[in-house]
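Quick notes on the structure that follows.
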Amino acid sequence: MAEKPKKMKQVLGQFMDRDVTDEKAAEQLRQLGLTPSVTNAMGLSLVRRAVQGEVTAVRFLRDVLEEGEEQSGLPSKPVRALDLTKLTDEQLAALADREDGDGTE
């Protein structure tokens with residue numbers, strides 16, 4: 001990893017477990033039984049956006065939750081940008097089963 005991105009990751013990581021300074025947000029987290037940390041506030045915000053139908057939030061949460069689990073092996077590019085001749089039969093079948101309608105995962 002390059003030095004600058006590594007340093008940025010370290011700096012950002014220091015903020016994640018800090019307490020939320022917005023008392024309204026902190027109280028909402030406490031009511032949900034969560035500690036009022038920046039990480040929990042971000043997670044709650046993402047979940048709310050996903051529930052409201054924001055596709056990018058849904059995809060981000062899916063990617064985070066699937067991290068470390070077996071992936072489908074499908075490229076995440078839009079279908080129209082793929083070279084289908086390089087996919088296996090299994091990947092083509094999984095691609096055909098996608099229900100997202102916009103050509104992406």
Side-chain angles (χ1 to χ4, degrees):
M1 183 182 293
E3 186 60 32
K4 285 186 180 183
K6 185 176 182 180
K7 194 170 213 169
M8 179 61 79
K9 184 176 180 178
Q10 290 172 342
V11 170
L12 291 174
Q14 294 175 13
F15 290 100
M16 300 310 286
D17 291 326
R18 292 191 179 194
D19 288 341
V20 175
T21 56
D22 181 309
E23 191 51 44
K24 182 178 176 185
E27 184 56 32
Q28 288 175 343
L29 289 165
R30 284 189 206 100
Q31 288 175 356
L32 293 169
L34 301 170
T35 57
S37 69
V38 171
T39 300
N40 287 341
M42 289 172 56
L44 179 58
S45 175
L46 274 167
V47 169
R48 285 182 174 160
R49 289 171 43 198
V51 168
Q52 292 172 352
E54 187 176 317
V55 177
T56 54
V58 172
R59 288 181 179 152
F60 181 82
L61 288 170
R62 179 205 56 209
D63 292 346
V64 168
L65 294 172
E66 288 180 351
E67 186 175 306
E69 295 180 10
E70 186 177 333
Q71 300 293 318
S72 67
L74 291 175
S76 60
K77 294 179 183 177
V79 174
R80 63 187 164 277
L82 293 175
D83 179 357
L84 300 178
T85 63
K86 295 185 179 191
L87 298 179
T88 66
D89 289 342
E90 292 80 19
Q91 289 174 320
L92 286 170
L95 192 61
D97 290 338
R98 281 190 188 170
E99 295 184 16
D100 54 24
D102 67 355
T104 61
E105 273 192 75

Practice item. Treating Ile, Leu, Val, Met, Phe, Trp and Tyr as nodes and any side-chain heavy-atom pair under 4.5 angstrom as an edge, say whether V20 and M42 lie in one connected cluster. Key: no
Exercise for review: Give the cluster check for V64 versus V51: same hydrophobic cluster or not, with ILVMFWY residues linked at side-chain heavy-atom distances below 4.5 Å.
Suggested key: yes
Practice item. Give a yes or no on whether the backbone of D19 and the side-chain of S37 come within a donor-acceptor separation of less than 3.5 Å. Key: no
Check your understanding: Distance-only, no hydrogens or angles: does the N40 side chain make a donor-acceptor pair with backbone N or O of L34 under 3.5 Å?
Key -> no
Point to revise | Any residue meeting side chain to side chain donor-acceptor pair (under 3.5 Å) with R18, in chain and number order, not counting sequence neighbours | key: none
Point to revise | Residues which pass side chain to side chain donor-acceptor pair (under 3.5 Å) with Q52, listed by chain and number, not counting sequence neighbours | key: none
From [atom1] ([X]) to [atom2] ([Y]), nearest 0.5 Å:
X: E23; Y: R30; atom1: CD; atom2: CZ; answer: 5.0 Å
X: L32; Y: L44; atom1: CG; atom2: CG; answer: 6.0 Å
X: D22; Y: E27; atom1: CG; atom2: CD; answer: 11.5 Å

Revision key, fill the gap. Residues at least two apart in sequence or cross-chain that pass salt bridge (charged side-chain N to carboxylate O under 4.0 Å, His left out) with R49, listed by chain then number, are E54
Review point. In terms of heavy-atom contacts, does CE of M16 have more than 12 from other residues, nucleotides or ligands at under 6.0 Å?
Key: yes
**Study point:** Test side chain to side chain contact (heavy atoms under 4.5 Å, CB included) applied to L29 and T35, step by step
**Key:** CA-CA 6 Å; L29 289 165; T35 57; over 6 Å; no
Check your understanding: Which heavy atom in A57 sits nearest to a heavy atom in L46, and how many Å separate them?
Key -> CB-O, 3.8 Å
Check your understanding: T39 versus D17: any side-chain heavy-atom pair under 4.5 Å?
Key -> yes
